[in-house]
Amino acid sequence: MTVKAMKSGAVEFLTKPFQDQDLLDAIRQALDRDRVTRQQHSNLAGLRKRYEALTARERDVMGLVVSGMLNKQIAFDLGTSEITVKIHRGHAMRKVQAESLAELVRMAAKLELRAAVTPASLPNSQS
């Protein structure tokens with residue numbers, strides 16, 4: 001019965017007889033978990049909204065940056081200048097509110113972004 005309850009989403013399983021405090025503790029624990037989960041969902045929704053505010057080029061640049069490519073490699077792949085890549089990268093970081101490259105990478109992971117595959121990012125390409 002315990003396994004079935006847990007698989008159905010039970011947070012705690014109290015056996016009879018139980019103390020009132022045990023029930024109150026289980027309820028408090030469930031409410032705490034729910035609050036944390038709701039906050040995480042809210043944070044992710046905000047991040048998605050900020051990501052969606054990026055232009056298509058800013059998204060391209062962000063995907064390539066978080067994949068580990070250098071600005072000059074990205075510029076070559078996209079057929080633009082390194083300065084332009086730096087500008088798009090800066091705009092993307094500002095719009096998603098990332099204060100560092102490491103934070104931008106963590107955000108991309110939360111968004112489950114897939115790195116763009118371009119000719120220069122392939123293992124056997126010549127750069």
Side-chain angles (χ1 to χ4, degrees):
M1 186 162 44
T2 302
V3 172
K4 185 177 180 182
M6 293 296 188
K7 284 185 176 181
S8 296
V11 173
E12 185 68 53
F13 189 84
L14 303 174
T15 56
K16 290 183 183 179
F18 57 86
Q19 301 293 321
D20 289 346
Q21 189 60 45
D22 293 338
L23 177 59
L24 292 173
D25 290 344
I27 292 170
R28 186 173 297 113
Q29 181 183 11
L31 290 172
D32 289 345
R33 283 186 187 177
D34 182 62
R35 183 176 26 78
V36 168
T37 301
R38 286 178 185 270
Q39 185 63 47
Q40 290 171 342
H41 285 234
S42 175
N43 291 345
L44 184 58
L47 178 57
R48 278 195 184 111
K49 187 173 184 175
R50 292 191 308 270
Y51 178 75
E52 289 169 3
L54 298 179
T55 65
R57 184 53 66 135
E58 290 166 348
R59 288 181 194 178
D60 292 342
V61 170
M62 179 178 163
L64 295 170
V65 165
V66 300
S67 74
M69 291 179 69
L70 301 173
N71 289 340
K72 65 176 144 183
Q73 293 171 317
I74 296 169
F76 178 78
D77 279 2
L78 298 179
T80 188
S81 72
E82 190 174 345
I83 296 295
T84 302
V85 170
K86 288 180 182 181
I87 291 169
H88 288 305
R89 177 180 175 162
H91 288 170
M93 289 185 68
R94 191 168 33 265
K95 286 180 180 180
V96 297
Q97 300 172 0
E99 294 183 15
S100 67
L101 178 59
E103 188 176 7
L104 188 68
V105 170
R106 284 191 296 273
M107 289 176 170
K110 286 179 185 176
L111 291 168
E112 298 178 355
L113 297 182
R114 305 253 189 290
V117 177
T118 62
S121 64
L122 296 174
N124 294 329
S125 66
Q126 297 180 7
S127 302

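Positions are given from 1, in the same order as the sequence printed here.
- Hydrophobic clustering of Ile, Leu, Val, Met, Phe, Trp and Tyr side chains at less than 4.5 Å, counting indirect connections, unites Met93 with Leu78.
- Within the 4.5 Å cutoff, side-chain heavy atoms of His88 are placed close to those of Glu58.
- Minimum heavy-atom separation, Glu82 to Lys72: OE1-CB, 3.7 Å.
- There is a path of hydrophobic side-chain contacts, each under 4.5 Å, that joins Leu111 to Val66.
- To the nearest 0.5 Å, the span separating OG1 on Thr84 from CG on Asn71 amounts to 11.0 Å.
- Leu64 and Leu54 fall within the same hydrophobic cluster, where Ile, Leu, Val, Met, Phe, Trp and Tyr residues are linked whenever their side-chain heavy atoms come under 4.5 Å apart, directly or through other members.
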Query - Trace of the side chain to side chain contact (heavy atoms under 4.5 Å, CB included) decision for Arg59 with Glu52 - result: CA-CA 9 Å; Arg59 288 181 194 178; Glu52 289 169 3; 3.9 Å; yes
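- Considering every non-hydrogen atom in both Val96 and Arg50, the closest pair reads O-NE, 3.1 Å.
- Of the inter-residue distances, the one linking Asp32 atom CG with Thr37 atom OG1 reads 10.5 Å to the nearest 0.5 angstrom.
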For residues 5-15, run the donor-acceptor check on the side chains, cut-off 3.5 Å, and write out each pair with its distance to 0.1 Å, sequence neighbours left out.
unit_1	atom_1	unit_2	atom_2	d
Ser8	OG	Lys4	O	3.0

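- Salt-bridge annotation for Asp34 and Arg38: present, with a side-chain N of the basic residue lying under 4.0 Å from a carboxylate O of the acidic one.
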**Report entry** Evaluation steps, side-chain hydrogen bond (donor to acceptor under 3.5 Å, both in side chains), between Gln39 and Asn43
**Finding:** CA-CA 6 Å; Gln39 185 63 47; Asn43 291 345; 2.9 Å; yes
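- Two different hydrophobic clusters hold Leu70 and Met62 under the rule that ILVMFWY side chains link at heavy-atom gaps under 4.5 Å.
- In this structure, Arg48 CZ and Glu112 CD are separated by 7.5 Å, a value rounded to the nearest 0.5 Å.
- None of Ile74, Leu101, Leu104 except one satisfies the side-chain contact (heavy atoms from CB on, under 4.5 Å) rule with Arg89; the exception is Leu101.
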Requested in this report: Just do the side chain to side chain contact (heavy atoms under 4.5 Å, CB included) check on Ile87 and Arg57 with the steps written out, would you?
Outcome: CA-CA 11 Å; Ile87 291 169; Arg57 184 53 66 135; over 6 Å; no
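- Taking CD of Gln73 as the start and CG of Asp77 as the end, the distance is 7.5 Å to the nearest 0.5 Å.
- By the rule that hydrophobic residues join a cluster once side-chain heavy atoms approach within less than 4.5 Å of another member, Val105 and Val65 end up as members of one cluster.
- Between the side chains of Gln21 and Asp25, at least one donor-acceptor pair of N or O atoms lies under 3.5 Å.
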